There are 2 protein chains.
Amino acid sequence: MKIATYNVNGINARLPVLLRWLEEAKPDIVCLQELKAPQERFPEKEINTAGYQAIWKGQKSWNGVAILTRNLEITKVQDTLPGDPGDEQSRYLEAIIDQMVICCLYLPNGNPYPGPKFDYKLSWLKRLKKRTDELITMDLPAIIIGDFNIIPEPIDVHKPERWENDALYRIEIRKAYQNLLKKGWLDSIRTLFPEEKIYTFWDYMYRSYDRDAGIRLDHILLSPYLKSALKSGGVDRNVRGWEKTSDHAPTWVCIEK
Amino acid sequence: MKIATYNVNGINARLPVLLRWLEEAKPDIVCLQELKAPQERFPEKEINTAGYQAIWKGQKSWNGVAILTRNLEITKVQDTLPGDPGDEQSRYLEAIIDQMVICCLYLPNGNPYPGPKFDYKLSWLKRLKKRTDELITMDLPAIIIGDFNIIPEPIDVHKPERWENDALYRIEIRKAYQNLLKKGWLDSIRTLFPEEKIYTFWDYMYRSYDRDAGIRLDHILLSPYLKSALKSGGVDRNVRGWEKTSDHAPTWVCIEK
DNA sequence: GAGCCCGCTG
DNA sequence: CAGCGGGCTC
């Protein structure tokens, strides 16, 4: 069972790249972020033709998340992160697939720091903590997966010292991430490659990809129930080199229950 | 000697199509209209690499004209149509190439009728008449070539009756065009195909190209000096069917002095 | 329908 | 640098 996350940065602009990657990588479950399309402009037909079914939560211009599966039933649980009925942003989609709870998320970027956007990121993390704690308490097979907009550790960024006041790396944010993990979530990519420099995002600017000046933002967290099921994983970083590509690369794990 | 005109509708958006057409058609002189690029954003390097040199007059967002040649020296004469120093629009470029005066133009559209845009078109035609009369008087080998935004005759449009109040077909405009010709200019495409329905433009909307609901807007006028040199000509209408194409098709003549 | 700008976000 | 959206032109 291959499970992937991919921040597409515009589902419609990215459709050729996405379809090519689906064809090559053949993931069973895919969580997408930054659709940047309203609900009615999701390219469902093309996704279906590629052999995938989908649920999604769109939004005009920004955000938007989706879950695709190949030959697997999707049971939607909820399309908002509980804890703030006033939150209008499409950043969370939770479903049951193949007996697992899949939580697809696109965490707020949070820049600039300090400011209201940073505060929103902190409060979003607090709400996420509540939901993920519940899942742990219930002993469910669950996966928290997506673009966390969090650089967990110094090893996950090219020049850490330049990022101290960036919302992706601020100490409060990294602490919140570590607090999540403490409950038992496994950062699967870091577990598979304990010492390696692994990036999932390279800025479009400054030829970041050529210089490999990347950061690790996209994470796949496994609940304790799934720890022993983790078999392999990686980042399809070559996709970042394709024409008309996203600034993120697809990130994936294989699990065997 | 093959001389062509092509309204590209955005030189940068059209670059792949333009380069492919240059490669296939191998014109010696090409007049381009609707660059839609400021002076500094003309893709000179790519044009040079394709074997062409160029002069151009750019403008931000709209208009813009260029002349390209393959192995032929270009001597720029002027990049504005005389007669109105306050006219800021980049619609005219005149050069001497291979001993001929080449006048590349992008005439105002003139819609809606009536109104100030229509009046501007009329006054532009008046200024053009003055310049072209001079060229006739001087007995020069000359070519007026470009997007005239004029449908000369009923045969040049799919349903003439629908166009009576369109600035492209208004009687004043067609009369002004006939007045130009009276001085001795030869509408070369119409001369080569006296009875045929020939179009050079198909609207992006309403599947106009599929239905062949086109109009003839792009013209190549030869001064009396060059009349007997006209050997052949046509419209590369297949180019209009390419991916990411312009709404105009390249139009060309071959002359042998 | 498809170019271009500008302003916004990341 | 590259998405989207809204306004403009043709």
Side-chain angles (χ1 to χ4, degrees), chain A residues 7-15 17-18 32-38 41-42 58-64 89-91 106-113 115-118 120-121 147 149 166-168 201-211 213 215 217 240 242-248, chain B residues 7-15 17-18 32-38 41 58-64 89-91 106-113 115-118 120-121 147 149 166-168 201-210 213 215 217 240 242-248:
Chain A
N7 178 320
V8 290
N9 189 17
I11 182 76
N12 286 296
R14 205 67 59 225
L15 201 53
V17 163
L18 174 62
L32 302 178
Q33 302 85 35
E34 281 207 80
L35 304 181
K36 287 184 169 180
R41 293 212 50 228
F42 184 87
Q59 180 182 331
K60 192 160 74 166
S61 300
W62 290 297
N63 311 317
Q89 302 188 23
S90 298
R91 296 181 172 277
Y106 173 50
L107 235 134
N109 177 292
N111 276 308
Y113 165 82
K117 292 187 174 180
F118 188 79
Y120 174 61
K121 184 176 193 171
D147 177 0
N149 270 316
D166 191 291
L168 306 183
F201 168 96
W202 297 260
D203 202 299
Y204 286 123
M205 288 178 272
Y206 322 115
R207 299 175 29 262
S208 304
Y209 181 65
D210 297 342
R211 297 184 298 115
I215 50 185
L217 294 181
R240 180 60 180 78
W242 293 357
E243 288 284 295
K244 299 236 109 216
T245 201
S246 170
D247 39 8
H248 293 249
Chain B
N7 178 320
V8 289
N9 189 17
I11 183 76
N12 287 297
R14 206 66 58 224
L15 201 55
V17 164
L18 175 63
L32 302 179
Q33 303 85 35
E34 282 207 80
L35 303 182
K36 286 184 167 179
R41 294 211 50 227
Q59 180 182 330
K60 191 161 74 167
S61 300
W62 290 296
N63 311 318
Q89 301 188 22
S90 299
R91 297 182 171 276
Y106 173 51
L107 234 134
N109 176 292
N111 278 307
Y113 165 84
K117 291 186 175 183
F118 188 79
Y120 174 61
K121 183 176 193 171
D147 177 1
N149 270 317
D166 192 290
L168 305 182
F201 168 96
W202 297 260
D203 201 300
Y204 285 124
M205 287 177 273
Y206 322 115
R207 299 175 30 261
S208 304
Y209 181 65
D210 297 341
I215 51 185
L217 294 181
R240 180 61 179 80
W242 293 357
E243 288 283 296
K244 300 236 107 214
T245 200
S246 170
D247 41 6
H248 293 249

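All chains are named by letter (A, B, ...) in the order of the sequence lines, taking the proteins before the strands, and each is independently numbered beginning at 1. What you see is a predicted model; the values in this text were computed from it and never measured.
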Item checked: Nucleotide C:dG3, atom C1' - distance to OH of B:Y204 in whole Å -> 7 Å

Next item on the list: Please test A:L107 against A:K121 for side chain to side chain contact (heavy atoms under 4.5 Å, CB included), starting from the C-alpha separation and ending with a verdict.
Entry: CA-CA 7 Å; A:L107 235 134; A:K121 184 176 193 171; 4.0 Å; yes

Check: Just checking, is any N or O donor in the side chain of B:N9 or B:Y204 under 3.5 Å from an acceptor N or O on the other one?
Finding: yes

Checklist line | Interatomic distance where CG belongs to B:N12 and C1' belongs to C:dC5 [whole Å] | finding: 14 Å

Check: Rounding to a whole Å, what distance do you find between B:R14:CZ and C:dC4:C1'?
Finding: 12 Å

Checklist line | Partner set under salt bridge (Lys or Arg N to Asp or Glu O under 4.0 Å) for B:R207, not counting sequence neighbours | finding: B:D210

Checklist line | Contact nearer the 5' end of DNA chain C, comparing A:D247 with B:I11 | finding: B:I11

Checklist line | Under-4.0 Å side-chain N/O to phosphate OP1/OP2 contact, A:K36 with C:dT9 | finding: no

Notebook entry, point to check: Out of C:dG1, D:dG5, D:dC1, which nucleotide sits closest to the side chain of A:M205?
Noted result: D:dC1

Checklist line | Nearest-Å distance for atom pair OH/C1', residues B:Y206 and D:dC10 | finding: 12 Å

Check: Could you give the CG-to-P distance, from A:N149 to C:dG10, as a whole number of Å?
Finding: 8 Å

Next item on the list: Output the distance between atom OH (B:Y113) and atom CG (B:L168), rounded to the nearest 0.5 Å.
Entry: 14.0 Å

Notebook entry, point to check: Of all the choices, D:dC10, C:dG10, D:dC4, which nucleotide is nearest to the side chain of A:K117 once you look at every atom?
Noted result: C:dG10

Check: Which nucleotide sits closest to the side chain of B:K244: C:dC5, C:dG3, C:dT9?
Finding: C:dG3

Margin query: How many whole angstroms separate atom CZ of A:R240 from atom C1' of D:dA2?
Written below: 10 Å

Next item on the list: On DNA chain D, check which nucleotide each of A:R41 and B:Y106 is closest to and give me the residue with the more 5' one.
Entry: A:R41

Item checked: Side chain of A:N9 (C-beta onward), nearest among C:dG10, C:dC5, D:dG3 -> D:dG3

Next item on the list: Indicate whether the side chain of A:E34 and that of A:N7 have a donor and an acceptor atom separated by less than 3.5 Å.
Entry: yes

Next item on the list: Take atom CG of A:L107 and atom C1' of C:dT9, then tell me their distance rounded to the nearest Å.
Entry: 16 Å

Checklist line | For atom CG of B:D147 and atom P of C:dG3, their distance in whole Å | finding: 17 Å

